[in-house]
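Excluded from the calculations below are hydrogen atoms, water molecules and symmetry mates; all remaining heavy atoms, backbone and side chain alike, are included.
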Amino acid sequence: MFSEKNIPKLIILTPIATVILIAFFTIYFFVKTQYDYFEEESILVEKEYIIKQKELLKKEVDYIVNYIEHHVKRNKTLNNEELKKEILKYTETIRYGKHGYIWIHDTNYYLRAHPFRQESLGSYDIDLKDAMGTLITKQFIDETIKNPSGKFIEYYWQKPAELHFSKKLGFFRLYEKYNWVIGTGLYMDDIQKSIFENKKLLEKRINRYIRLVVIISFLVVLFIGFISFLMSKKITAVFKTYQDNVKKKELLLEDLNKNLELKVQKAIKEEKKKDRAMFHQSRLARMGVMLSMIAHQWRQPLSEVSGILMEMETANKFKKLDDKMIKESIKDSNKLISFMSNTIDDFRNFFKPDKEKVEFHVEDACNEAVTLVSASIKNFGITLKKDIKVSPIIRGYKREFAQVMLNLMSNAKDALVQRDIKEPYIKLCLDYKDDKVIITVEDNAGGIKEAYIPNIFDPYFTTKESLKGTGLGLYMSKMIIEKNMGGELSFENTKQGALFTVVLKV
């Protein structure tokens, strides 16, 4: 069996058989693992999608509640019934997604607003049933009264302009001031369709991985077989004649020497190409950091401009838009746009070593930041306390300093809103001691967790949701105060919340 003639065959067959067995078991366990992974990911995808849809429903209802509270607080001309009527008309115009809309009942089971049941407005709606015979109006209202902050309920209802009933997921929240139950919903077949599409995409991706592994395994088997075949030929050649083998090696060495110079030149060109690519990526990374910082600074002014436009749109819709309001809105918008334009100049200068410092009153810069954030603070019922003991003049970068103040107050506002603090406040203090200006921004939002404190000034570190923060605000603020203005920015927790302290030399 192990004769001289059989050695070439053994050299070929042994590695091929080994690789085939290894490939078979590898592919088997890989496929099994991938399909198990697919089942787990399918369940996870479905859960995550349902959660996202619930968040969408809650967001739409919360938007209406915030809209109502905003107009109730700002109303000075309409009586209570007129204001209710305008709000109800506005909610009937809202659409989102494919079939999304808003409706309102009161706690006495009367229908107050519904875009597709106009003939039933003002009627006693307690006998309304869904396709399963459930008294859904009674269920909506009774469950929401028990859970005023929000309740998810499933029922069966017709899509607009369709005859068949579909399962629907609704979210309801109580607005206690008017005893209104505000509801909205999404059809489950729409949700299931999206989930099915996401699962198909996941299945295609896993199948693609499986095909890739199978192809690679097949190529490996062919490669090993080819190598084994070559090895057998070489061994056979050794048995035939030592001289032929030496001659082949000499020819191979000669060929390598001829091509060596070309290979070296090609390698040098490839390295230079890689160096240029890395340099280009480095420049793009700097641009990305700069753009991220600009986006962070623009978020608050853009929110204010959006609020102004929303207020003008609502006023125009209810025929309340006059010249005075237009002029005031334009004035406020121009001020915000000017600040955003100045922000671009500040960031452009941020990377230049030859920026010019100016003398300015610290209180003036603080007031600029207060002006930009005040509307948002008032909208969430946050009290701004100012304690200006002195207003010294310092030399530095006024707009950059104002942006630091805006960052600190915006962060405080976000924490108060996110944690739903009762009687929220932000306190801004300005003092002078030992030839130093001391500015503090304090809130009562409960402070920052001890585990996060060492990292709060690191770039890209944030405790906010991904769509609400970039993690660059405090990092940028510390760079401005300490590197550009020679001061100090520090943090500590108090009994009530967070306290940021800025110290600058006069």
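- Side chain to side chain, T314 and K320 fail the donor-acceptor criterion of an N or O pair below 3.5 Å.
- Summarising the local packing, NZ of K59 is surrounded by 12 or fewer heavy atoms from other residues, nucleotides or ligands at distances under 6.0 Å.
- Listed by chain and number, the residues in a salt bridge (Lys or Arg N to Asp or Glu O under 4.0 Å) with E363 amount to none (sequence neighbours excluded).
- For the residue pair D127/Y124, the side-chain donor-acceptor check at 3.5 Å is not satisfied.
- Between R74 and E311 a salt bridge is recorded (basic side-chain N to carboxylate O distance below 4.0 Å).
- Residue pairs meeting the side-chain hydrogen bond (donor to acceptor under 3.5 Å, both in side chains) criterion with at least one partner in residues 323-333, sequence neighbours excluded, do not occur; the list is empty.
- Looking at residues two or more places apart in sequence or on another chain, you find a ring-ring contact (aromatic ring centres under 6.0 Å, His included) between F491 and F500.
- With sequence neighbours left out, the salt bridge (Lys or Arg N to Asp or Glu O under 4.0 Å) criterion links D364 to no other residue.
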- Message: Let's go through L321 and M325 carefully: what are the C-alpha distance in whole Å and the side-chain angles of both, what is the deciding distance for side chain to side chain contact (heavy atoms under 4.5 Å, CB included) to 0.1 Å, and is it a yes or a no?
- Response: CA-CA 6 Å; L321 188 64; M325 184 177 183; 3.8 Å; yes
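- When all heavy atoms of I426 and M409 are compared, the closest pair comes out as CD1-O, 3.7 Å.
- Listed by chain and residue number, D142 satisfy the salt bridge (Lys or Arg N to Asp or Glu O under 4.0 Å) test with K138 (two or more places apart in sequence, or in another chain).
- By the 6.0 Å contact criterion, CD on E423 is open, its count of non-hydrogen atoms from other residues, nucleotides or ligands being 12 or less.
- The minimum heavy-atom distance linking F318 with E86 is given by the pair CZ-O, 2.9 Å.
- When the side chain to side chain donor-acceptor pair (under 3.5 Å) test is applied to T184, the partners found at least two apart in sequence or on another chain are Y96.
- For residues 475-490, the pairs satisfying salt bridge (charged side-chain N to carboxylate O under 4.0 Å, His left out) are K478-E482, with sequence neighbours left out.
- Atom CD1 of I438 and atom NZ of K433 lie 6.5 Å apart (nearest 0.5 Å).
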Tell me which donor-acceptor pairs under 3.5 Å the side chains of residues 167-177 have, and how far apart each pair is, sequence neighbours excluded?
{"unit_1": "K167", "atom_1": "NZ", "unit_2": "E154", "atom_2": "OE1", "d": "3.1"}
{"unit_1": "K168", "atom_1": "NZ", "unit_2": "Y101", "atom_2": "OH", "d": "3.3"}
{"unit_1": "R173", "atom_1": "NH1", "unit_2": "D62", "atom_2": "OD1", "d": "2.5"}

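- If you take CD1 on I153 and OG1 on T144, they are separated by 5.0 Å, rounding to the nearest 0.5 Å.
- The salt bridge (Lys or Arg N to Asp or Glu O under 4.0 Å) check on D431 picks up K389, with sequence neighbours excluded.
- With 3.5 Å as the limit, one finds a donor-acceptor pair spanning the side chains of N367 and K386.
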- Item | Worked verdict on Y67 versus H71 for ring-ring contact (aromatic ring centres under 6.0 Å, His included) | CA-CA 6 Å; Y67 174 85; H71 282 274; 4.2 Å; yes
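- In terms of the ring-ring contact (aromatic ring centres under 6.0 Å, His included) criterion, residue partners of Y452 (sequence neighbours excluded) are, by chain and number, F461.
- When all heavy atoms of G381 and P424 are compared, the pair lying nearest together is O-CG, 3.6 Å.
- For Y155, the ring-ring contact (aromatic ring centres under 6.0 Å, His included) criterion is met by F140, not counting sequence neighbours.
- Applying the salt bridge (charged side-chain N to carboxylate O under 4.0 Å, His left out) test to every pair with at least one member in residues 99-111, sequence neighbours left out, gives these pairs: D106-R112.
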